[in-house]
Amino acid sequence: MSEEQAYEPKIVAFLCKWCSSAGSDLAGVSRIQYPANATPITVPCSGSISPLYILSAFNKGADGVLLSGCHIGDCHYIEGNYLARRKIYLIKELLEMVGVEPDRLRMSWVSAAEGAKYAQVVKDFVADLKPLGPQDKLKADRT
Amino acid sequence: MEKILDKQRLDDWIAVLTDWDAFAPAVEDDVWAFRPVAGAVRLDHPNTKQPPKGFAFPQREVFFTFEQIKGEAPRLTQKLPQGKRRVAFGVRPCDGRGTVRMDRVFADHVDDPYYQTRRNNMAYVGLACNKPVSSNCFCLSVGGSPVGSDGLDVLMTDLGERYFVAAVTETGKALMTVAGDLLKKPEVADRQRLKDLHAEAVAQPQRAIHDADGAPAKLKASFKSPLWEELAQACIGCGICTFLCPTCHCFDINDEVTGAAPLKGSRVRTWDNCQFPDFTMHTSGHNPRPSVGARLRQRVCHKFQYFFENFGMHQCTGCGRCISDCPVGIDIVHVVNKVTEHAG
Amino acid sequence: MIDVQSIRDAARDLLTRGEVRAVIGYRRGSRGMLAEPVTITDPEQADELVWDATCFHNLALYLVEDRKALAHAQRTPTLPIAIIAKGCDARAIVVLMQEHYFKRDEVYIIGVSCEGGGVLVEYKLARLLNGAQALSAVFDGDELVVTTAAGEVRLPASEVMADRCLECREPFPKEHNVAFGEDKTGRQLAAPFTALGRFEALSAVDRWAFWRRQFERCIRCFACRSVCPMCYCDECVVDSITFPVAPDTTAEEKANRIRWIERSAVRSENITYHMTRAMHLAGRCIDCGECERVCPVNIPLRLLNNKMELEARERFGYEPGASIGGPSLVASFRDDDPGQFIR
Amino acid sequence: MPANIYLPELARITFIKEEVPGERAIKTFRVEPLNGGSFEHECGQCAMLSVFGRGEMMISIASSPLVKDYKQFSIMRVGRVSAAFHDLAVGDVVGIRGPYGNSFPVDDWRGRNLCFIGGGSGLAPIWPVITTAVAQRDLFKNITVFYGGRSPRDIMYKSELEKLRGVADVHLSVDKAEDGWDAYCGFVPANVMDKEPSPDNAIAVTCGPPIMIKYVIQNLSQLGFADEQIYTTLENKMKCGLGKCGRCNVGKDYVCVKGPVYSWAQLKNLPEEY
Amino acid sequence: MTKKRTGVFVCHCGNNIAATVDVARVVKEMSAEETVVYSQDYVYMCSDPGQNAVIQAIKDNQLDSVVVSCCSPSLHEKTFRDNTTRAGISGFTCEIANIREQCAWVHKDRDVGTEKAIKISRSAVRRAGRNQSLEPIAVPVTRRVMVIGGGIAGIQASLDMANAGLEVILVERQATLGGHMLQLSETFPTLDCSQCILSPKMVEVSRHPKIKVMTYCEVQEVSGSVGNFKAKILKKPTFVDPEKCNICDDCTQVCPVVVPNEYELGLTARRAIYIPYAQAIPASYTLDEEACLGLNPIRCGKCKDACEADAINYDMRPETVVEEVGAIVVATGFDLYPQENIAEYGYGKVEDVLDGLQFERLCSASGATSGHVLRPSDHKVPKDVVFIQCVGSRDPAQHCAYCSKICCMYTAKHATLYKHHVPDGRAYVFYIDIRSGGKGYEEFVQRTMEEDGAIYLRGRVSKLYRHNGKVKVLGTDTLTGQNVEIDADMVVLALAMQPSKGTAQAAKVLKIGRDKDGFLAEAHPKLRPVESVTAGIFLAGAAQGPKDIPETVAQAGAAAAKVIALLSQATLSHAPTVARVRRSHCTGCEMCVTACPYHAIRLENGKAVVNEVLCEGCGSCTATCLRAAIEVKNATQMQVFEMIEACLA
């Protein structure tokens, strides 16, 4: 096995409790197989994801960060995802500007009905991350 | 040991110091800093933005690492610095004197093993300032000299086409000995030129602290002066003055955790700064130095009173960095003058 | 050209008539020709005030300091405090009022137009002077009048001005109680976001190479944060150098302050600090450029903040410091905010 | 002192007692060196305790130097490290280095009357002096202990104080009257004024909240105590304990080296910055 | 809070989890966590023995927090939290680690699955390590309800709730109750008269001792939250005292102002002082302030002079009343999609092109033409009438994307009614397809086609215009593929239903969400179809989406039932996972106030204060606050910080 094949990107996935967590549940119920790289953290709403969470995940060594919430208009909390969209747009632009690969931060709307979509999102994300190799730009080296 | 080095041969000298990692001032994004020598070295720098204190007292130092499995005793692994000996070229005399002060602190009472290890591995090749390198230089006021050699192992003086190279310490001699015949014997004219240049250098106009000798007593008398708050009025409480200071040595110690089960991490020393509010703040919120005035007073009195009382010398070498880089014009020369004048 | 005497007169009158409790302005400092911030309370001091090309500082910072001091002393003043404000400073004051840091009637804004000038950059001036020592520097129209020991020199303003001033579109303090100088709003000595545009043209690899160098150099002296009027938080979430203790602060809270980053000034921690700061300034930074000016290791911090400003303007139609009443950038949204990046 | 002054020794917690409950809880810990033998200390000295992963804190050693088997610390839950300490259990291993600072000149006080005045958690730093004096009871004359807390539940070392009564005059107080409290109600300095300890051939040692110390000293002076007869111990933020990290200084003195014990005569000559 | 004593319980879920996850290893790894003092696995954690084991372990080990690694929290979070509560500790200290749906079921490799299960469980352990013990927040309730909208939905809901003993305030912005249903002539599929079924209900409402009818009123502001709303209601002045008015009609006789009658959709006119229609409730006249010459005896004053009952009072002023209610039903109904928006059908400017409601009035016995179908332009009986369906509906490109649901049926009804009125007339219906899902609906359409002989043409009308005194209708019959050209006497457009203006206003005032089409958003499309996202606010009728009468009545009844159930409790219970402000860090910048979708935060003395009852714990404030001065209990930044760490360890 070559080094590149052995590399498995570490992903932190922030999923909103109402849509995306439920969507990932549906993927499970439907037994749709997808890579295990993304560890989910359930948050109340995509609107509750502070930019610091993203930076912190990268700082702690995430190779990719996935953010997922309800589709626009479907937010359980009315408009949390609108707020998220704006904030995440800004942090994404900022990360790209300093030269962090844009593929390392992914946002996706996944509804409770989109189990297959969740699986696909993770699959695609892992596939996109693999060629990038480990993320070491923001990762803390505390030795 | 006193020698002459052709300017063009400086790189050759550095090249033969194979037992050493050599550093010299280099500019990057308009910032002068000591960097590992790569390519030609030209000692035409003003002064480095940061003094060379980081060689022996880096901004981050890992003391030891720890690892602890739940329910078991922790395992500590000491991390004393290791590596090749290091030599820095182009150290200005003020920064050489800074080193003397750092040495005093880290050897006082008990030896600091991290500082000592690094320091013992370190040699400073100085460069005399034929002219003040900044409009805020005031080394003469604080007992220093633009051509002084305190704290240096070698002092070089730019004679134009050549450097006059004088050993100050045994380490310095050793460095020069390695150079073999790259270093020539100085002519009489060279010595004369050196003498002239040094005389000119100390005659160059500088900014001045008017009564540095009287400062300790006058500052002591002025502890409660309202001047402190007034002079600190514009202070924004940043760390530029101390982080750029060749003698500021304050530090913090923290645990940096890298893993939780088992617990893993390092105990780390980082520079700290008496101008930050939490420097002295108790967890209760009580702060012995609650205001910018109190903190400015601490910085100034530490340098011109407390340090003097403890070590018989000022903890300021007149490099002027804190003045040049202060975002709001707080000027230690002005502050000391003002307070001492006021004290009568 | 602004007549400094008119500013002095205004300050003196305000203090004499007891309309304000202090005036925040500039005076000549002790190091060369540079101005420094000062707060005067005595009409007599009004003649110390200066106005020239070295009035770099965004004095809005001292309004923040003033509020903090008042809060600490638990004092509610009856009189407003006056402040001398350039165009950018006035925008900062607007943002502070937008965030209810103080009310409009608690500040008396003595606006001063930068007209065709702004502030100079010391190294640019030094280069042009070839070693001569400047004794004073004042903008006059599109020229900088510099006096040296050898006499007066007139230099093209654009060659000595700070980038932020060249790119400034609002050199006139729109929000003011009284204003001096000509309103040259819309003036454009350089295209907005010129420096940013240049930088963004680089490839991702080059951009990273650039920032990596910058972030490795940062010594976390926090001058960027300390000088910023928008960084008025009592405790910085990302790297605290102080902590406010209220009577209801629990031991739990003190014991468990999140350490998003370590104090070690290493690249990863520095970058997280600067990125967080840029995010927190999104929609709030009014591009006074002070962070960049004060950085002792020349990190071009304006690029980060400009990037956020550009996005706010182009994607969200948001102009920081434009209105006291509007909602904040990140606390609001529009239905047609960009969402193409979302899969 | 070991070669690496920053490297703590490992020590096991062998005993924990909750002294005061609640938000500002105080617990007493005994620690014993893991590998036998450790540093010796004197009354009033401090040690730097580590909870690995959380950090270090300077705490005064609350046990008498005469006790060699263990060192005792009474710690209030106030911050990052102290809270972590409160979460520990018997058997857990911590780090310790020291001893730091100067000490109370107890030997010089032989044959004199000793008056101790403590408030809140300030009893711990003077406790080793009290216990040392009591252990060598015949070397000293009268021993008087004033101690007060906010309320009866804030009184630490309750049973130990009761035991003292046989050999010392113990005057307890609480700030505000509360049911079931039959001793003095009011602040500690007031209690001192109330009992009027004599300055003759006496040494007064006080520790507590800064405001209490201030009034105790005032009152003692009023009672005729000379500045040289009054001792206290300072508490400053410390990181190294070695006079290097730069934060605990009062004037030229690093409290971790030259302090924390000062007579009022000495302290008066230092800048008022503590 | 001292260090937690956490218990971890890992479920095999039979083989569901255990097949992919090495459960024993998860247990072992969790026991190494700092806070974990107990851990075990069990084959079915959710079974009775499993749950009992948890309770036992909590008691035996003095656990104060629990992590159950099992299936999705949507399935058993409640189970295990209730169970935890039974063991004597707060249910909110219990966290679920989803290692089935998010792990075991989606991965096959045992090592990979086990690793991920460990991360997920560890992350839950960290979160549980900082959970606070919380108890639900009890909120006392006001046993009164406000119904907004006096159409059939509002009327039905009001009656149902009032009959259950609740006090009801029924607010209607028009001068009479009844809504659009009152304008209908007959109703499909039974063709019974609309007024005949509605009027008795209106009377019942007006006489019901528990119902306070407030017509000509608008809700201006609503504050508070479920159980305790405060509504500010604006009473617009009618200038007529309903107590004194004896509906003699003398006033209208003298009124000099003539304006279009909105009840008749402009087909007739009314005076400035008017009664919408004879059976209006309340039975009283209203003086239309805008149309009136000036509410001033000097300028006109004719009506006042004419009124013998002295019921007219020009000095009436708008009045605001505040009502306290525990719940709100929004039944603000629909409007027709404006004909002015339809370019191809002449922007509503072509004569004799009517909308459905106008046609209802033409058919109605009480209508403008007293029940004779006469075309407006010349009052002649139209012989060729074209009905066009899906006008504005199902047209995402230009108009409304949705199906308005009732147009197929009412067009069939219109065609039938027309044929009943004008048996020799020809009725053409252009349709896209026929949607007649409803009891008796399909049969009705069939009757329209077969018995009443309406000519159904599948296709669209591309254009219509006035030509030779007729309306030229150009269309295509897509079944035959031929172009169709009809010289119609009259055209009736089945315009889309859209949320009424009042609906938009109500949504704004109530701060409840609307869907992309502007209809009120239900909390869940399937499971909570009559609730808004905001607790205590319920939806009824066409304000929530296009509906016919039976569906409207059913939903109104459902909303009423929900309200009755809600207000039958003495106190309400609200999730305690709400935002908390750290006053020491708050600077009062108001960003959280702006960001909060529930308006649960306000500034008090320069600091944010959370109304715990309004707060739903979404955390938008947390992410917006620059100073970490506000966060949601048990979903704190510290918890997320540690969970991130756990995921990446």
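In what follows, every chain begins at residue 1, and chains take the letters A, B, ... in the order their sequences are listed. Worth knowing before you read on, the calculation uses all heavy atoms, side chains too, and leaves out hydrogens, waters and symmetry mates.
Per-residue counts of heavy-atom pairs under 4.5 Å with chain E were compared for A:Gly28, A:Ala62, A:Ser24; the largest is that of A:Gly28. Heavy-atom pairs under 4.5 Å with chain E peak, among A:Pro44, A:Ala119, A:Gly61, A:Pro51, at A:Pro44. Chosen from E:Gly619, E:Cys621, E:Ala646, the residue pairing most often with chain A at heavy-atom distances under 4.5 Å is E:Gly619. Chain A forms the most heavy-atom pairs under 4.5 Å with one residue out of E:Ala623, E:Ala124, E:Cys647, and that residue is E:Ala623. Contact count versus chain E (heavy atoms, under 4.5 Å) is highest, among A:Trp18, A:Tyr34, A:Tyr82, for A:Tyr34.
One finds the OG atom of A:Ser56 at 11.0 Å from the CD atom of E:Glu642 (value rounded to the nearest 0.5 Å). One distance of note links CE of E:Met643 with CD1 of A:Ile41; it measures 5.0 Å at 0.5 Å rounding. Here the CG-CG distance, from E:Leu648 to A:Asn59, works out to 10.0 Å after rounding to the nearest 0.5 Å. Atom OG1 in E:Thr622 sits 11.5 Å away from atom CD1 in A:Ile49 (nearest 0.5 Å).
E:Asn16 touches chain A through its side chain: at least one heavy atom from C-beta onward sits under 4.5 Å away, while N, CA, C and O do not. With a 4.5 Å cut-off on non-hydrogen atoms, A:Tyr118 does not touch chain E at all. There is no contact between E:Thr577 and chain A, counting heavy-atom distances below 4.5 Å. Only the backbone of A:Pro35 comes within less than 4.5 Å of a heavy atom in chain E; its side chain stays farther off. Neither the backbone nor the side chain of E:Gln639 has a heavy atom closer than 4.5 Å to any heavy atom of chain A. If you measure heavy-atom distances from E:Asn98 to chain A, the contacts under 4.5 Å come from the side chain alone. The part of A:Leu15 that comes within reach of chain E is its side chain, from C-beta onward, which places non-hydrogen atoms under 4.5 angstrom from that chain. Contact annotation for E:Arg127: only side-chain heavy atoms (C-beta onward) come within less than 4.5 Å of a heavy atom of chain A. If you measure heavy-atom distances from A:Leu83 to chain E, the contacts under 4.5 Å come from the side chain alone.
Put simply, the side chain of A:Pro40 reaches to within 4.5 Å of the side chain of E:Ile120, judged on heavy atoms. With contacts defined as side-chain heavy-atom distances shorter than 4.5 Å, the pair A:Phe14/E:Ile644 qualifies. A heavy-atom distance below 4.5 Å is found between the side chains of A:Val29 and E:Glu101. Within the 4.5 Å cutoff, side-chain heavy atoms of E:Ser74 are placed close to those of A:Asp25. E:Gln102 places a side-chain heavy atom less than 4.5 Å from the side chain of A:Ser21.
A distance-only check finds no donor-acceptor pair linking the side chain of E:His107 to the backbone of A:Gln33 [under 3.5 Å]. Between the A:Lys60 side chain and the E:Phe641 main chain, a donor and an acceptor come within less than 3.5 Å of each other. Put simply, the side chain of E:Lys116 gets close to the backbone of A:Ala38: a donor and an acceptor are under 3.5 Å apart. For the pair E:Gln637 (side chain) and A:Tyr53 (backbone), a donor-acceptor distance under 3.5 Å is absent.
When every heavy atom of E:Cys618 is checked against every heavy atom of A:Ser48, the shortest pair comes out as O-CB, 3.3 Å. Here the closest heavy-atom approach between residue E:Val112 and residue A:Ala36 is recorded as CG1-CB, 3.1 Å.
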Can you check side-chain contact (heavy atoms from CB on, under 4.5 Å) on A:Lys87 and E:Thr624, steps first, answer last?
CA-CA 9 Å; A:Lys87 255 183 290 237; E:Thr624 306; 3.1 Å; yes
